[in-house]
**Q** 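Before I ask anything, let me first share the structure, which is written out below as structure tokens.
In the text below, chain A, chain B and the rest are named by the order of the sequence lines, each starting its count at 1.
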Amino acid sequence: MTKSEMSRTAHTASAGQEQESAVVVDGLHRRFGGPTGFEAVRGVSFTVERGEVFALLGTNGAGKTSTLEVVEGLSKPTKGRVSILGLDPVADRWAVRPRIGIMLQQGGFPSDLTVTETAKMWAGTLSRPRPVDEALEMVDLAQRATVVVKSLSGGERRRLDLALALMNRPDVLFLDEPTTGLDPESRRNTWRLIGDIVAGGAAVVLTTHYLEEAEELADRLAIMHNGRIVTTGTPTDIAADYPSTIAFGLPEGQSASELPVIAGCQVAQSEPKVVLHTDQLQASLSELLSWANARGVSLTALQARTASLEEAFLAVADAGDDRDSSQQATHHVA
Amino acid sequence: MTSVTATTDINPRHPVGIPRRSRGAAILALTRAESTLLIRNRTALFNSLLLPVLLVAFMYQTGALDRPELNTGALLITTMAIFGLLFVTYYNLVTTYVARREELVLKRMRTGEIGDFTILAGSAVPTILVSLLQLAVVSIAVPFLTDLKAPTNLLLPVVAFVLGTVMFALLAAASTAITRNSETAQITTLPVVIVGTALSGVFFPLSILPETLAAVGRFLPATPVVELFNLGMSGTSRDGSQVSLSESFTEALVPLAILVVWLAIAGALAARYFRWEPRR
């Protein structure tokens, strides 16, 4: 989906079905430090429905957290509009906050309180808290209930943070890098927990550095770069915009110049390993193998695979700081 | 991790008008947590709970509180009130707010349902209770130690202590802007704590100072509190003369005005400069 399509969707949603969309973000801008300051968010639009996970991906400094903070209502946008459950997260703060859960990328707890004391303190500030034991059980911290926060591991602190974000049974959950610092098992458990929450009808907006996490969890995602959404869609759709890759080594004495010209196939690299990009993986591969068989050439370490989210992400990241090249990268890989 | 039956947990038809938790209940939850933290921090506990009382006891023992124009018992209570406001409410709150800011606790709390005022008030309550407790203990002990004459106008010290508490709490919030961490609080609070007490009239009457220095002293934040205590407890005006109940109200106007101006200044500074997260 292109950017203009994206904002059209947002407009339609905001005009007609505000009650239906959990989150509507429309033309969001955020500038730090006055009119001449750095513009971290430059026209971001997306919608998230109930029962859906939406992931924001991007390189460091792409503007994910800056975007999320405005969507959560922690900061005001410089320009643009945010609606959560049909309400303005800043103006209608009192109505919105009881229905959303927020897990910051960096948030803290007093280091001398135990896990239970911290959770009780938080529960005491909420309108409809879950029982503290239940919240700790959900994130597997029940057996660490009497440990002081300063003795927790980084991953355990992260899970305590998640427990607090879930404490008010949120309809919309915002998670800024929820699994950073977690071991693989805790990460799986967190994914399962998020899955359960979404199955219950909540909307989840998350940012992550882990592409597998986005692929596993996200119904739809957007890749951000330099404050803009460069590409958006389902993980499969996004990957489909990128060519498949065939890689192999040529035996001694064979030169890359002797390779056949295969229609729709681009040579991305020829030394020391040949890397081809193609939109027609099966056809290109057949042609290559026929050529090799006919010549009696053996291709070493042959690999063929369709594009994954990683290709899309790397293409965006490789596009560097130049805005134009990053937008071209949406459709073509060099 | 237990599998959650999320269907029962999420309520999509939850009305927009969720019954709001009362601000009092939220402040109570924060007060409980903050009290636990105070009890676990031995240094802060000694500094806020015992040190001011020991200082007042030392001053009483050395005869520093025997002054011709004031009742000694009354001055004992006044000194405790001022030490409570400066060493406990002001100093301890600067330390607490800065520590919570640097630990990113304030930032996390701000993502929740409660508002800014509730967050700051909840952290302040245990500290304020400590200063109240000290004042109560000393007030109860004084009649057994020395003669305490009946107060001229009890309303004045009560009003002075309440306004002084709010003002020094706000001044503490404002002072966090120049305080990088809870250790440097010892330095950043010095101007208010040292100059504020020295020139407040609690150690010696301002009238013995050169004219200009005395004038400066009268406009410092703790001075109007001392003057209102002296007026209400001993019936002594700022020039050392004795006043009646009705005269005490008139005499109270100027210090009360100065106190209210400080309240406004502290509030404005706190609103303008208080930061909720560390400087990056």
**Q** Is B:Thr111 reaching over with its side chain to a backbone N or O of B:Lys107, donor-acceptor style, under 3.5 angstrom?
**A** no
**Q** Can you say whether A:Leu166 sits under 4.5 Å from chain B via the side chain, the backbone, both, or neither, judging by heavy atoms?
**A**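 It is neither, since no heavy atom gets under 4.5 Å.
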**Q** Output yes when A:Glu117 and B:Arg40 qualify as a salt bridge under the 4.0 Å nitrogen-oxygen rule, no when they do not.
**A**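 Judged by the 4.0 Å cut-off on N to carboxylate O distance, A:Glu117 and B:Arg40 do form a salt bridge.
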**Q** So which part of A:Ala165 gets closer than 4.5 Å to some heavy atom of chain B, the side chain, the backbone, both or neither?
**A** both
**Q** Using modelled atom types only, decide if a donor and an acceptor are shared between the side chain of A:Arg30 and the backbone of A:Val41 within a distance under 3.5 Å.
**A** no
**Q** Calculate, to the nearest 0.5 Å, the distance between atoms CG and CH2 belonging to A:Leu164 and A:Trp122 respectively.
**A**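 Rounded to the nearest 0.5 Å, the CG-CH2 separation comes out at 6.5 Å.
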**Q** Can you tell which part of A:Leu74 gets under 4.5 Å to a heavy atom of chain B, answering side chain, backbone, both or neither?
**A** side chain
**Q** Name the option with the most non-hydrogen atom pairs under 4.5 Å to chain A; the candidates are B:Val105, B:Leu28, B:Leu30, B:Asn41.
**A** B:Val105
**Q** Considering only heavy atoms, which portion of A:Asp161 lies under 4.5 Å from any heavy atom of chain B: side chain, backbone, both, or neither?
**A**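 Both backbone and side chain of A:Asp161 come within 4.5 Å of chain B.
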**Q** When you measure from the side chain of A:Ser153 to the backbone of A:Glu156, do you find a donor-acceptor pair of N or O atoms at a distance under 3.5 Å?
**A** yes
**Q** What part of A:Thr118 gets within 4.5 angstrom of chain B, counting heavy atoms only: side chain, backbone, both, or neither?
**A**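 For A:Thr118, neither part sits under 4.5 Å from chain B.
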**Q** May I ask you to establish whether B:Arg23 and B:Phe117 are in a cation-pi arrangement, using a distance under 6.0 Å from NZ or CZ to the six-membered ring centre and at most 45° from the ring axis?
**A** no
**Q** Name the member of A:Glu72, A:Glu69, A:Gln106 that forms the most heavy-atom pairs with chain B at distances under 4.5 Å.
**A** A:Gln106
